[in-house]
Amino acid sequence: MARTLITSAIPYINGIKHLGNLVGSQLPADLYARYCRARGHEVMFICATDEHGTPAELAAAKAGKPVADYCAEMWQVQRDLADGFRLSFDHFGRSSSPQNHALTQHFAGKLDAAGLIDERTSKQVYSNADGRFLPDRYIEGTCPNCGFADARGDQCDNCTKQLDPTDLIEPRSVISGSTDLEVRETKHLFLRQSLLKDRLDAWIDSQDGWPVLTTSIAKKWLHDGDGLQDRGITRDLDWGIPVRKGDAPWPGMEGKVFYVWFDAPIEYIAATHEWADAQGADADWQRWWRTDKGAENVNYVQFMGKDNVPFHTLSFPATLLGSGEPWKTVDYLKSLNYLNYDGGQFSTSRGRGVFMDQALSLLPADYWRWWLLSHAPESSDTEFTWETFQTDVNKDLADVLGNFVSRVTKFCRSKFGEEVPAGGTWGASETALIETLGTRLKAYQGFMDGIEIRKAAAELRAIWVAGNEYLQDAAPWATFKTDPERAAAQIRMALNLIRFYAVLSRPFIPDAATAMLDGMQADDDAWPDDVKTALEALQPGHVFTVPEVLFAKITDEQRLEWAERFAGQRA
RNA sequence: GGCGGUGUAGCUCAGUUGGUUAGAGCAGCGGAAUCAUAAUCCGCGUGUCCGGGGUUCAAGUCCCUGCACCGCCA
């Protein structure tokens, strides 16, 4: 059996994600996971929250809660939203888990033993009032270049000049506003990625068929300027994974934690460990991650937004390869561009756009899933507007698919009752339909196998359209008057198409697919091997019920109201 | 500033290694049908493929350059 390991970029714990974040990694990953399961693969689909770092500490402080409590609560919030969108993770972990602590410390120890860790002393700004070192962007002051009063320590937002925090005039802490700052020396660990440059380069070159977006970003970081830079992997913070060398202390690094970007990707592995621990004694996580323990024939696919590509093509592989241990590295890396909102960017900080909780309060998950996936920003950034969302969803889901289910089941109910009618035989038009569907099914599978999401969606839609075309051509409402047997055969085909569509559509719209299968009272939800056989699954006499309207249409009033409501600040 | 991306029909987007009259969905127009959520089906596109150069027998597709928009800068 094919085995597929799928990871979605892990969302930061700080706040609820917007639809752009969702379509950037979790949603396409879920589509693929569901598809692989439907095709009979053994699938391990992993996601988690990314919980460490300064923003989490500050958000917790703002909420007046201990950071651990804050993260636990936000994990639950994100978990519930993921469930709401029907994201079918096998495990939704936390980067703060004990498993990740142990594994991150393990990797650091191995990298150190391999000579890939340096200790370096640097100067950083310390805030006496806050009792902590401040990251560059948490220091503000007057720009020495343009005089802008709120320039940040890394860059002036007004004149865009790159700055060092010590350049600022009258620097102050963003956290407390305190000007009681001083420069202190502090020691940090650096991962000597530069030593791994050639190995990483060769590793990237050995990958086949990765998106241009992926490889071009990786190559840029490898070869641009002075090449791949060593990277600090520790921070002076309280909240994080304590710096240790495996299970031994790390002299001189007391009170420091690993940098969030070091431990976050390791959480993919640790989350699988969390999964195994939750399953019980029989579950084995290493067969997914250790090529010496069964992972050599696993196909590992990662999903992420383009901003995460450098970490997944360079930093994380550097950790895995540098450890000297036989860890599984990614086989295919699907990176996505950004979704824009009505002419601008989605913005978490400015509350612009639609956030996951808001989306679910407006419409069922399937509406969002379908629109977002059928417009996934694969080759370039793409645009969400309420107008296109309304017309596309109404047309595709309500008119083409939902109405097909309605017209078929209601016609059957009125002429033959709520069971699959007997009588008649299939003829030339049914043969032609089966052939068309066979061709399209093959294309659909090809796109899904290749993770070409928009094309897969278009093909699936075409499969739905084929049913309407058939029905229009067969016209059972007309044949019923002259040849009821013929009409029975036609409607038997149409009822079977509903089941067939449910199976094929399930990765995109799982709830509607379930409603369709329930309506058809179909037990057989296996992926079709052969179209003709699949369309004979519901035999004469099989009882069904007419489902409720699958997709109510979005009205103009709703659309106008929503466009208005989400144009500005998040409430 | 450096780097990268994008610019194709009213809208959202496809266009493989350069090769026949540049495509899809939506919207629009016309028609058919009336089983169905006024839902379906059929037919209809004279688009400086951002501008300007160049390479080539041949460029939306390669090179140079200009413009516009966007992103990233650890």
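Every chain is numbered from 1, with letters handed out A, B, ... down the list of sequences. For clarity, every value in this text was computed on a predicted model and none was experimentally measured.
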Discussion item. Show me the pairs that pass ring-ring contact (aromatic ring centres under 6.0 Å, His included) and involve residues 393-427 of chain A, at least two apart or across chains.
Written reply: A:Phe404-A:Tyr501, A:Phe416-A:Phe480
Worksheet entry | Span that lies between the P atom of B:G60 and that of B:C44, in whole angstrom | 25 Å
Worksheet item: Which whole-number value in Å describes the distance from A:Phe190 CZ to B:A74 C1'?
Response: 11 Å
Practice prompt. Using the P atom on both, measure B:G23 against B:U65 and round to a whole Å.
Written response: 32 Å
Practice prompt. Using a heavy-atom cut-off of under 4.0 Å over every strand shown, decide if A:Val408 touches base, sugar-phosphate, or nothing.
Written response: nothing
Item to complete: Taking only the side-chain heavy atoms of A:Glu383 (C-beta and beyond), determine which of B:U12, B:A36, B:C42 contains the nearest atom.
Response: B:U12
Fill in: Exercise: do A:Ser429 and A:Asp473 side chains pair donor with acceptor under 3.5 Å
no
Worksheet item: Do A:Asn403 and B:A36 have a side chain to base donor-acceptor pair shorter than 3.5 Å?
Response: yes
Worksheet, complete the sentence: pair_partner(B:C11), Watson-Crick or wobble, both distances < 3.5 Å, evaluates to B:G25
Worksheet item: If each of A:Arg454 and A:Tyr338 is mapped to the nucleotide of RNA chain B with the nearest heavy atom, which maps nearer the 5' terminus, i.e. the 5' end?
Response: A:Arg454
Worksheet item: Rounding to a whole Å, what distance do you find between A:Asp399:CG and B:A33:P?
Response: 21 Å
Worksheet item: Once you round it to whole Å, what is the distance between P of B:C41 and CG of A:Leu471?
Response: 10 Å
Worksheet entry | B:A27 and B:C70, which share atom name P, separated by this distance in whole Å | 30 Å
Worksheet item: Now, which nucleotide makes the Watson-Crick or G-U wobble pair with B:A68, with each of the two distances under 3.5 Å?
Response: B:U6
Worksheet item: For atom C1', what is the distance between B:U8 and B:G47, given to the nearest Å?
Response: 8 Å
Fill in: Atom-to-atom span, CG of A:Asn340 to P of B:C70 - whole angstrom
10 Å
Discussion item. Please report whether the ring centroid of A:Tyr341 lies less than 6.0 Å from that of A:Phe384.
Written reply: yes
Item to complete: Check every atom of B:U37, B:C41, B:A33 against the side chain of A:Trp477 and return the nucleotide holding the closest atom.
Response: B:A33
Discussion item. My understanding is that a pair needs two contacts under 3.5 Å, Watson-Crick or G-U wobble. By that rule, which nucleotide pairs with B:G19?
Written reply: B:C57
Discussion item. Rounding to an integer number of angstrom, what distance separates B:C11 and B:G45 when you compare their C1' atoms?
Written reply: 15 Å
Discussion item. Say we look at B:C26 and B:A39: how far apart would their P atoms be, to the nearest angstrom?
Written reply: 13 Å
Each nucleotide N or O in nucleotides 28-32 of chain B that has a protein N or O under 3.5 Å away: list the pair and distance.
none

Practice prompt. State whether a side-chain donor-acceptor pair under 3.5 Å links A:Gln445 with A:Tyr35.
Written response: no
Worksheet item: Any side-chain N or O of A:Lys455 under 4.0 Å from OP1/OP2 of B:C13?
Response: no
Worksheet item: Out of B:C41, B:A74, B:C72, which nucleotide sits closest to the side chain of A:Glu469?
Response: B:C41
Practice prompt. Would you mind classifying the nucleic acid contact of A:Leu550 as base, sugar-phosphate or nothing, using non-hydrogen atoms under 4.0 angstrom?
Written response: base
Worksheet item: Is there a donor-acceptor pair under 3.5 Å between the side chain of A:Lys334 and the backbone N or O of A:Ile451?
Response: yes
Response to the item:
Under a 3.5 Å limit on both distances, the Watson-Crick or wobble mate of B:C41 is B:G31
Fill in: Residue pairs involving residues 488-499 of chain A (criterion side-chain hydrogen bond (donor to acceptor under 3.5 Å, both in side chains); sequence neighbours excluded)
A:Thr479-A:Gln490
Item to complete: Measure the distance from CG on A:Leu372 to C1' on B:C13 and round it to the nearest whole Å.
Response: 16 Å
Which atoms of nucleotides 23-26 of chain B (N or O only) lie under 3.5 Å from a protein N or O atom, and what are those distances?
from	atom 1	to	atom 2	distance (Å)
B:G25	O3'	A:Arg461	NH2	3.4
B:C26	OP1	A:Arg461	NH2	3.2

Worksheet item: Closest nucleotide of RNA chain B for A:Lys481 versus for A:Tyr259: which of these residues is on the 5' side?
Response: A:Lys481
Worksheet entry | Test log, rule salt bridge (Lys or Arg N to Asp or Glu O under 4.0 Å), inputs A:Asp511 and A:Arg369 | CA-CA 11 Å; A:Asp511 288 347; A:Arg369 290 179 63 103; over 6 Å; no
Worksheet entry | Pairwise C1' distance for B:G7 and B:G15, with rounding to whole Å | 15 Å
Worksheet item: Is A:Glu387 atom CD crowded by more than 12 heavy atoms from other residues, nucleotides or ligands, each under 6.0 Å away?
Response: yes
Discussion item. Using a heavy-atom cut-off of 4.0 Å across all strands, would you classify A:Lys410 as base, sugar-phosphate, or nothing?
Written reply: sugar-phosphate
Worksheet, complete the sentence: In whole angstroms, the gap separating P of B:C72 from CZ of A:Phe311 amounts to 13 Å
Discussion item. Tell me if the centroids of the rings in A:Phe566 and A:His18 come within less than 6.0 Å of each other.
Written reply: no
Worksheet entry | Heavy-atom donor-acceptor pair, A:Gln302 side chain to A:Val330 backbone, under 3.5 Å | no
Worksheet item: Can you name the ring-ring contact (aromatic ring centres under 6.0 Å, His included) partners of A:Phe133, sequence neighbours left out?
Response: A:Tyr126
Worksheet entry | Qualifying residues under salt bridge (Lys or Arg N to Asp or Glu O under 4.0 Å), relative to A:Arg461, sequence neighbours excluded | A:Asp396
Discussion item. Under 4.0 Å, counting only non-hydrogen atoms across every strand here, what does A:Phe480 touch: a base, just sugar-phosphate, or nothing?
Written reply: nothing
Worksheet item: Across all strands, who's sitting opposite B:A74 as a Watson-Crick or G-U wobble pair, both distances under 3.5 Å?
Response: none
Item to complete: Can you tell me, in whole Å, how much space there is between the P of B:G5 and that of B:G43?
Response: 40 Å
Practice prompt. Would you kindly give the CZ-to-P distance between A:Phe551 and B:U40, to the nearest whole Å?
Written response: 15 Å
Item to complete: Please report, rounded to the nearest Å, how far the C1' atom of B:A74 is from the CD atom of A:Gln124.
Response: 14 Å
Worksheet entry | Partner nucleotide, any strand, of B:A36 [Watson-Crick/G-U, under 3.5 Å] | none
Practice prompt. State whether the aromatic ring of A:Phe411 stacks on the base of B:C35, taking stacking to mean ring centres under 5.5 Å apart and ring planes under 30° to each other.
Written response: no
